[in-house]
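Right, one structure below, let's go through it.
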Amino acid sequence: MQFIVFIILYPILWLISMFPFRLLYGLSDGIYLLLYNVIGYRKKVVRDNIALALPHLSKEERLLIEKKFYHHLCDLFLEMIKTMTISEKELDRRYTFTNIDLYLDLEKKQKSIAVFMAHYASYEWAISMNRITNFEGYAIYKKIANKYFDKLVRDIRSKFKATLITNRETIKIIEQNAKVKHLGIYGFASDQSPQLSKTHHWSTFMGIETPVHTGAEMLAKRFDMNVLFLKTRKVKRGFYEGTFEYLVDHPKEVPNYEISDAFLKKVELQILDAPEFYLWTHKRWKHRKQ
């Protein structure tokens with residue numbers, strides 16, 4: 001059944017990926033009308049999340065953010081499909097880095113690097129950085145249930161010199177790399193809600209006390225990685241800008257959970273600056289202290 005689904009959908013996805021961007025975004029506008037006005041995909045989750053995180057805004061202001069978010073979500077989905085056939089030159093034009101020298105200077109310290117980032121703006125197109133780094137780039141992700149689509153995603157990322165590793169493989173691969181002194185850059189999107197059974201720390205995120213992922217911090221400490229935050233800004237439709245910011249360069253000297261808390265504060269600033277580009281469809285605050 002997985003293969004049947006794959007062979008039915010793959011040609012459609014490939015065809016869409018060949019669309020010029022003007023046509024791609026025309027399709028996105030049509031999908032928005034269907035997704036938001038007809039299907040109402042996760043609308044209650046999105047509305048509740050925005051109300052929780054931005055209670056200082058009026059109902060009308062939150063509704064405007066909600067609609068802008070769904071427009072962005074449709075763009076994001078189609079941009080992910082576009083990655084199947086986009087050229088390296090085109091991706092470099094559409095996702096640029098303001099201060100890649102800051103990152104390259106950090107490589108000179110000859111320690112692996114952990115890059116913390118949020119599900120904000122275009123977290124997918126950040127893979128373009130792997131073509132301009134010297135360390136091997138690893139992106140941690142959750143394995144897709146359909147093994148054929150999972151392989152497709154891996155193949156797409158490898159085209160841009162990114163190695164995908166599942167969250168279950170992460171510790172083993174980092175350990176192996178550390179033993180042979182193979183330097184890597186590891187991308188962690190750690191802003192989503194962890195399972196309560198795996199929660200070690202609660203923090204305040206957007207004014208709400210909630211459990212947070214601390215695995216990335218613990219790995220950075222254990223393997224003495226330099227730690228950066230990648231801040232992404234949507235410049236205009238289809239164009240993004242990434243900026244590196246230091247979090248810490250001696251993680252073992254930092255008290256536990258301080259790195260995770262600092263990361264969340266940076267994510268908060270992103271959200272407050274332009275909340276429509278955050279991934280509101282996830283139940284980020286499903287566990288919270290009342």
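- Heavy-atom minimum distance, T85 versus S17: OG1-O, 2.8 Å.
- Under the 4.5 Å side-chain criterion, counting only non-hydrogen atoms from C-beta, L78 is not in contact with Y25.
- Under a cut-off of 6.0 angstrom, the local environment of CD in Q176 is crowded, with over 12 non-hydrogen atoms contributed by other residues, nucleotides or ligands.
- Cluster annotation: L219 is not connected to L264 through the hydrophobic network of ILVMFWY side chains, with a link wherever side-chain heavy atoms come within less than 4.5 Å.
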*asked:* One pair to check against side-chain contact (heavy atoms from CB on, under 4.5 Å): I174 and M225. What are the steps and the verdict?
replied: CA-CA 11 Å; I174 295 178; M225 301 184 200; 3.8 Å; yes

_salt bridge (Lys or Arg N to Asp or Glu O under 4.0 Å) evaluation trace for K231 with D273_ = CA-CA 12 Å; K231 177 183 177 181; D273 181 56; 5.9 Å; no

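- Two residues are said to be in side-chain contact when any heavy atoms from C-beta on lie closer than 4.5 Å; I271 and F205 meet this criterion.
- A donor and an acceptor atom, one from each side chain of E136 and T163, are located under 3.5 Å apart.
- Between the S193 side chain and the W285 main chain, no donor and acceptor come within less than 3.5 Å of each other.
- With 3.5 Å as the limit, one finds no donor-acceptor pair spanning the side chains of T243 and N99.
- Ring planes of Y138 and H182: perpendicular class, angle over 60° (limits at 30 and 60°).
- Judged by distance alone, the side chains of E169 and T166 do bring a donor and an acceptor atom under 3.5 Å apart.
- Within a 6.0 Å radius of CD1 in I171, other residues, nucleotides and ligands contribute 12 heavy atoms or fewer.
- With contacts defined as side-chain heavy-atom distances shorter than 4.5 Å, the pair K111/F135 does not qualify.
- A distance-only check finds no donor-acceptor pair linking the side chain of D224 to the backbone of K252 [under 3.5 Å].
- The hydrophobic cluster containing V45 does not contain I39, counting ILVMFWY residues as joined when their side-chain heavy atoms lie under 4.5 angstrom apart, directly or transitively.
- The structure places CZ of F223 at 4.5 Å from CD of E175, a figure rounded to the nearest 0.5 Å.
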*Give the C-alpha distance, both sets of side-chain angles, the deciding distance and a yes or no for side-chain contact (heavy atoms from CB on, under 4.5 Å) between I259 and F116.*
CA-CA 10 Å; I259 297 173; F116 287 47; 4.1 Å; yes

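- The CZ atom of F277 sits 6.0 Å away from atom OH of Y120, with the distance rounded to the nearest 0.5 Å.
- Shown here for I16 and L24, the closest heavy-atom pair between the two residues is O-CD1, 3.6 Å.
- With a 4.5 Å cut-off on side-chain heavy atoms, L230 and Y123 do not count as touching.
- I113 contributes atom CD1, which lies 8.5 Å from atom CG of L183 (distance to the nearest 0.5 angstrom).
- By the 4.5 Å heavy-atom criterion applied to side chains, Q2 and V5 are not counted as neighbours.
- Atom NZ of K221 has more than 12 heavy atoms from other residues, nucleotides or ligands within 6.0 Å.
- Rounded to the nearest 0.5 Å, atoms CG (N49) and NE2 (H282) are 10.0 Å apart.
- The shortest distance between side-chain heavy atoms of V212 and T199 does not fall below 4.5 Å.
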*Start with the C-alpha gap between M206 and L272, add the side-chain angles, then the distance that decides, and say whether side-chain contact (heavy atoms from CB on, under 4.5 Å) holds.*
CA-CA 9 Å; M206 298 301 294; L272 291 172; 3.8 Å; yes

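- Between L247 and L228 there is no side-chain heavy-atom pair separated by less than 4.5 Å.
- Of the possible polar contacts, none joining the D105 side chain to the L102 backbone as a donor-acceptor pair under 3.5 Å is found.
- Under a cutoff of 6.0 Å and an axis angle of 45°, R94 and F21 form a cation-pi pair.
- Heavy-atom neighbours of W14 CH2 from other residues, nucleotides or ligands within 6.0 Å: at or below the threshold of 12.
- No option in Y240, Y95, W125 other than Y95 meets the side-chain hydrogen bond (donor to acceptor under 3.5 Å, both in side chains) test with T232.
- Residues N167 and Y141 fail the side-chain proximity criterion, which asks for heavy atoms closer than 4.5 Å.
- Side-chain polar atoms of E276 and H72 form no donor-acceptor pair below 3.5 angstrom.
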*Checking side-chain contact (heavy atoms from CB on, under 4.5 Å) for the pair L73/L35: CA distance, chi angles, key distance, verdict?*
CA-CA 10 Å; L73 180 66; L35 194 71; 4.2 Å; yes

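- Side-chain N or O atoms of Q192 include none that pairs as donor or acceptor with a backbone N or O of A189 at under 3.5 Å.
- Inspection of the E217 and S260 side chains reveals an N or O donor paired with an N or O acceptor under 3.5 Å.
- Using modelled atom types and a 3.5 Å distance limit, the side chains of S87 and E90 yield no donor-acceptor pair.
- Under the 4.5 Å side-chain heavy-atom criterion for grouping Ile, Leu, Val, Met, Phe, Trp and Tyr, M84 is connected to I7 within one hydrophobic cluster.
- The environment of OH in Y246 is crowded: more than 12 heavy-atom neighbours from other residues, nucleotides or ligands sit within 6.0 Å.
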*Could you walk me through whether D191 and R284 pass salt bridge (Lys or Arg N to Asp or Glu O under 4.0 Å), step by step?*
CA-CA 8 Å; D191 57 317; R284 181 59 190 84; 6.0 Å; no

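- With a 6.0 Å cutoff to the six-membered ring centre and a 45° limit on the axis angle, K43 counts as a cation-pi contact of Y36.
- Ring-plane geometry between Y186 and F188 is classed as tilted, the angle between the planes lying from 30 to 60 degrees on a 0 to 90 degree scale.
- Of all heavy-atom pairs between S122 and L76, the closest is CA-CD1, 4.1 Å.
- No close placement of the Y32 and Y70 rings is indicated, their centers lying 6.0 Å or farther apart.
- K59 NZ to I50 CD1: the interatomic distance, rounded to the nearest 0.5 Å, is 13.5 Å.
- Ionic pairing of E66 and R47 is present here: one or more N-O contacts between side-chain nitrogen and carboxylate oxygen are shorter than 4.0 angstrom.
- The two residues G137 and N130 have their closest heavy-atom pair at CA-OD1, 3.1 Å.
- The salt bridge (charged side-chain N to carboxylate O under 4.0 Å, His left out) test applied to D150 returns R154, not counting sequence neighbours.
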*asked:* Does K151 form a salt bridge (Lys or Arg N to Asp or Glu O under 4.0 Å) with D155? I'd like the steps, not just the answer.
replied: CA-CA 6 Å; K151 183 180 183 303; D155 290 344; 2.8 Å; yes

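- Contact detail for A220 and P251: the closest heavy-atom pair is O-CG, 3.4 Å.
- Taking the six-membered ring where the residue is Trp, Y257 and H201 present parallel rings, their angle staying beneath 30° rather than reaching 60°.
- One distance of note links NZ of K109 with CG of D249; it measures 4.5 Å at 0.5 Å rounding.
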*Decide salt bridge (Lys or Arg N to Asp or Glu O under 4.0 Å) for R237 and D29; before the verdict, give the C-alpha distance in whole Å, the side-chain angles of both, and the deciding distance to 0.1 Å.*
CA-CA 12 Å; R237 197 173 200 182; D29 290 340; 2.8 Å; yes

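- In plain terms, the two heavy atoms of F97 and M129 that are nearest each other are CZ-CB, 3.2 Å.
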